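Notes for the one structure printed next.
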Protein chains: 2
Amino acid sequence: MAKRTPRVVVKLSTKVKGIGRPLNRILASLSTVDFARLRPHLEKIDLAYKQPLYDADVPIKFVYFLDTGVASLVNVMRNGDAAEVGTIGNEGIVGLPVMFGDTVAPTSVYMQVRGAGHRISAPVFWKEMERSLSLRLLALRYIHVFFNQVAQSAACAHFHTLDKRCCRWLLMTCDRMQEDDFPLTQEFLAMMLGVRRAGVTQAAGKLQRDGLIHYGRGRVRIMDRNGLVKRACECYGIGKRDFDRLLGSLPPMAAAG
Amino acid sequence: MAKRTPRVVVKLSTKVKGIGRPLNRILASLSTVDFARLRPHLEKIDLAYKQPLYDADVPIKFVYFLDTGVASLVNVMRNGDAAEVGTIGNEGIVGLPVMFGDTVAPTSVYMQVRGAGHRISAPVFWKEMERSLSLRLLALRYIHVFFNQVAQSAACAHFHTLDKRCCRWLLMTCDRMQEDDFPLTQEFLAMMLGVRRAGVTQAAGKLQRDGLIHYGRGRVRIMDRNGLVKRACECYGIGKRDFDRLLGSLPPMAAAG
DNA sequence: GGCGGCATGTACGTAAGCGTACAATAGGAA
DNA sequence: TTCCTATTGTACGCTTACGTACATGCCGCC
């Protein structure tokens, strides 16, 4: 598949400086003037494992830009059943409703792997988005990719076996991490995939036996990335293609607009 | 649940005039000046059953506003498995990628119940969106509701039984139609829900026996709407709430912005 | 007025995942 | 060291939906 950035480069993980450009790719792609306007409002913040970035039906106060770590858009049912419907890393923005000019949403966002980033007041961000075309274009482009990811997840969760979905999830998380090794319990993965913990044990066991991953006591390590890709469902590839398009050049229409 | 508009009122179904305001609620909500700018570019169009409005990975030429009929956002897998991930009626806009400043998408949109509406050239619509704040706000608000719908569908397809999902689908379609009676084959519904036709026969049979619907030879009729609501999964109610919010007043932030 | 095809009814064995329960092990705290 | 708790392993019966196959019935075409 597409080449990955070497892991060694990004050793700055937890100590992103307030000065200069942050690691978040949306912020990094802003024009100098746009970034300068946002900068005084950006507040550096550490994000703990399982920390909520916003909750369903509660007015959203901040928009988050992750530098490291991974967040999940989660849908929780009345009976407590929960499932992840989208994943957000340093390629994106947490706080979709704000970009839609809204203040609440029926879904929540939690940290899936702890990390750090910056946040900005929701109304301030909304006003900046209205003011700056380039920021708006970037945000819209990201929303599109994220929307596609959610649409893909819908079909994926319905059609594909747990094994394949595990592979996809591990790869997506890995793509958004700086390391092949990250904290993850089977319990948590089960919640993300909306299945029983026992089911994940089965699936993960097979993957480990086949040398694709190694795990234990709340950590996973990707041992054979290509093997995982082969074993994952098509959804991973489709999302990755879109993801790479996002990080590439602007699509024609917006570029012209 | 919420009261419905009486069916009798909307007998204009197929003959929407080019003059005056169309039935599409987004267009109907535009300011006079915004609508005046769009109007010369709007082209009236009839939309046949199963007609594609755009296909995956093919550049989108037009944005559609339905007056009548219902369209579906569909995700098709490599092996031919397909599932609907979103439903669009006269409350919305078909052509999300365009509103994101993009030209292609990995999903397709097909007509699920034939109808009529207007279309506008994609680049023209994009430019108008950039120019007009009120149009942009309306579009963003709709995108948010639609996004929520897709996120809900993802969890729904995963957690809920076919019976309940059938009820939800019938209700959502019914909400977007002018009649309680519309064309629908079990084969088609099966494709929308991403299940076997035989499975739908079972589920629909039960609903008919219980007097909730009546169907045959490619048509359904909703007999007991409240009964269906009771039997549907929570996803219907959640979506409906959001849907009603969309058609109500502007959310705080955008109104202030 | 018969025929062909679409729409629907039904059945049987199979597979994936659920709900639940309980055992085993490892890391950290006292 | 010892204990406690979080994490992981495994089993059993059950439900839902799958894949496939075949039967029935209705509509419209010739």
Side-chain angles (χ1 to χ4, degrees), chain A residues 49-50 77 79-84 112-114 154-170 181-210 212-221 231 233, chain B residues 49-50 77 79-84 112-113 154-170 181-210 213-221 231 233:
Chain A
Y49 175 52
K50 285 189 180 171
M77 299 287 174
N79 68 356
D81 277 351
E84 181 196 69
Q112 171 194 119
V113 181
R114 82 174 200 327
C156 183
H158 184 58
F159 287 125
H160 299 145
T161 61
L162 183 49
D163 289 47
K164 288 175 180 296
R165 294 205 296 133
C166 270
C167 294
R168 176 180 178 230
W169 194 94
L170 289 168
D181 186 294
F182 51 91
L184 176 70
T185 67
Q186 298 185 353
E187 183 80 44
F188 187 74
L189 179 51
M191 197 194 72
M192 290 292 109
L193 298 178
V195 298
R196 289 173 320 146
R197 194 271 313 162
V200 169
T201 302
Q202 299 279 358
K206 276 190 258 175
L207 297 180
Q208 174 152 257
R209 251 170 270 130
D210 295 349
L212 300 176
I213 61 176
H214 182 73
Y215 64 91
R217 301 277 115 200
R219 287 199 78 83
V220 217
R221 171 180 283 274
R231 194 121 151 194
C233 54
Chain B
Y49 175 52
K50 285 188 179 171
M77 298 286 173
N79 68 356
D81 278 350
E84 180 196 69
Q112 173 192 119
V113 180
C156 183
H158 185 57
F159 287 125
H160 299 145
T161 61
L162 183 47
D163 289 46
K164 288 177 180 298
R165 294 205 296 131
C166 270
C167 294
R168 175 179 180 233
W169 194 94
L170 289 168
D181 185 297
F182 51 90
L184 177 69
T185 66
Q186 298 185 353
E187 182 79 47
F188 188 74
L189 179 52
M191 196 193 75
M192 289 293 108
L193 298 178
V195 299
R196 290 172 320 146
R197 195 268 316 162
V200 169
T201 301
Q202 300 279 356
K206 277 190 257 174
L207 298 180
Q208 175 152 255
R209 251 169 271 131
D210 296 350
I213 61 174
H214 181 74
Y215 64 91
R217 301 274 111 204
R219 288 199 78 82
V220 216
R221 169 181 284 274
R231 194 123 153 195
C233 54

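Keep in mind it's a predicted model, so treat the numbers as computed, not measured.
- In terms of position along DNA chain D, the nucleotide closest to A/Arg217 lies nearer the 5' end than the nucleotide closest to the other residue of the pair A/Ala198 and A/Arg217.
- You'll find the side chain of A/Leu184 reaches within 4.5 Å of the side chain of A/Trp169, heavy atoms only.
- A/Asp163 has its CG atom 15 Å from the P atom of C/dA15, to the nearest Å.
- Here the closest heavy-atom approach between residue B/Ala203 and residue B/Asp163 is recorded as CB-OD1, 3.9 Å.
- In this structure, A/Lys206 atom NZ and D/dG9 atom C1' are separated by 15 Å, rounded to whole Å.
- Rounded to whole angstrom, the span from the CG atom of B/Leu189 across to the P atom of C/dG9 amounts to 13 Å.
- Atom CZ in B/Arg219 sits roughly 15 Å away from atom C1' in D/dC27 (whole-Å rounding).
- When B/Asp81, B/Val195, B/Leu193 are each tested for a side-chain contact (heavy atoms from CB on, under 4.5 Å) with A/His158, only one passes: B/Val195.
- Within the 4.0 angstrom heavy-atom criterion, only backbone atoms of the sugar-phosphate kind lie near A/Gly216; the bases stay farther away.
- Between the CD1 atom of A/Ile213 and the C1' atom of D/dT8 there is a distance of 13 Å, rounded to whole Å.
- The CZ atom of B/Phe159 sits 9 Å away from the P atom of C/dG19 (whole-angstrom rounding).
- Closest to the B/Val195 side chain, of the nucleotides C/dA7, D/dT8, D/dC18, is D/dC18.
- Among the atoms of the strands shown, only primed sugar atoms or phosphate atoms (P, OP1, OP2) are found under 4.0 Å from some heavy atom of A/Gly218.
- B/Thr201 comes within contact range of at least one nucleobase, with a heavy-atom separation under 4.0 Å.
- At D/dC26, none of the side-chain N or O atoms of B/Tyr215 fall inside 4.0 Å of OP1 or OP2 (strictly under the cut-off).
- The closest side-chain heavy-atom distance from B/Leu207 to B/Arg231 is below 4.5 Å.
- Among the atoms of the strands shown, none is found under 4.0 Å from any heavy atom of A/Ala204.
- Rounded to an integer number of Å, the gap from B/Asn79 CG to D/dG19 C1' is 13 Å.
- An OP1 or OP2 oxygen of C/dA11 is reached within less than 4.0 angstrom by no side-chain nitrogen or oxygen of B/Gln202.
- For A/Arg196 and C/dG17, a side-chain-to-base donor-acceptor distance below 3.5 Å is absent, hydrogens and geometry of angles not being considered.
- With rounding to the nearest 0.5 angstrom, the CD atom of B/Gln112 is 9.0 Å from the CG atom of B/Leu189.
- Between the NE2 atom of A/His214 and the P atom of C/dA26 there is a distance of 12 Å, given to the nearest Å.
- Using a 4.0 Å cut-off, no side-chain N or O of A/Gln208 falls inside it from OP1 or OP2 of D/dT8.
- Across all strands, B/Thr161 comes closer than 4.0 Å only to sugar-phosphate atoms, never to a base (heavy-atom distances).
- Heavy-atom nearest nucleotides on DNA chain D were determined for B/Asp81 and for A/Arg209, and the one closer to the 5' end corresponds to A/Arg209.
- A donor N or O paired with an acceptor N or O is not found under 3.5 Å between the base of C/dG19 and the side-chain atoms of A/Arg197.
- Residues B/Asp181 and B/His214 fail the side-chain proximity criterion, which asks for heavy atoms closer than 4.5 Å.
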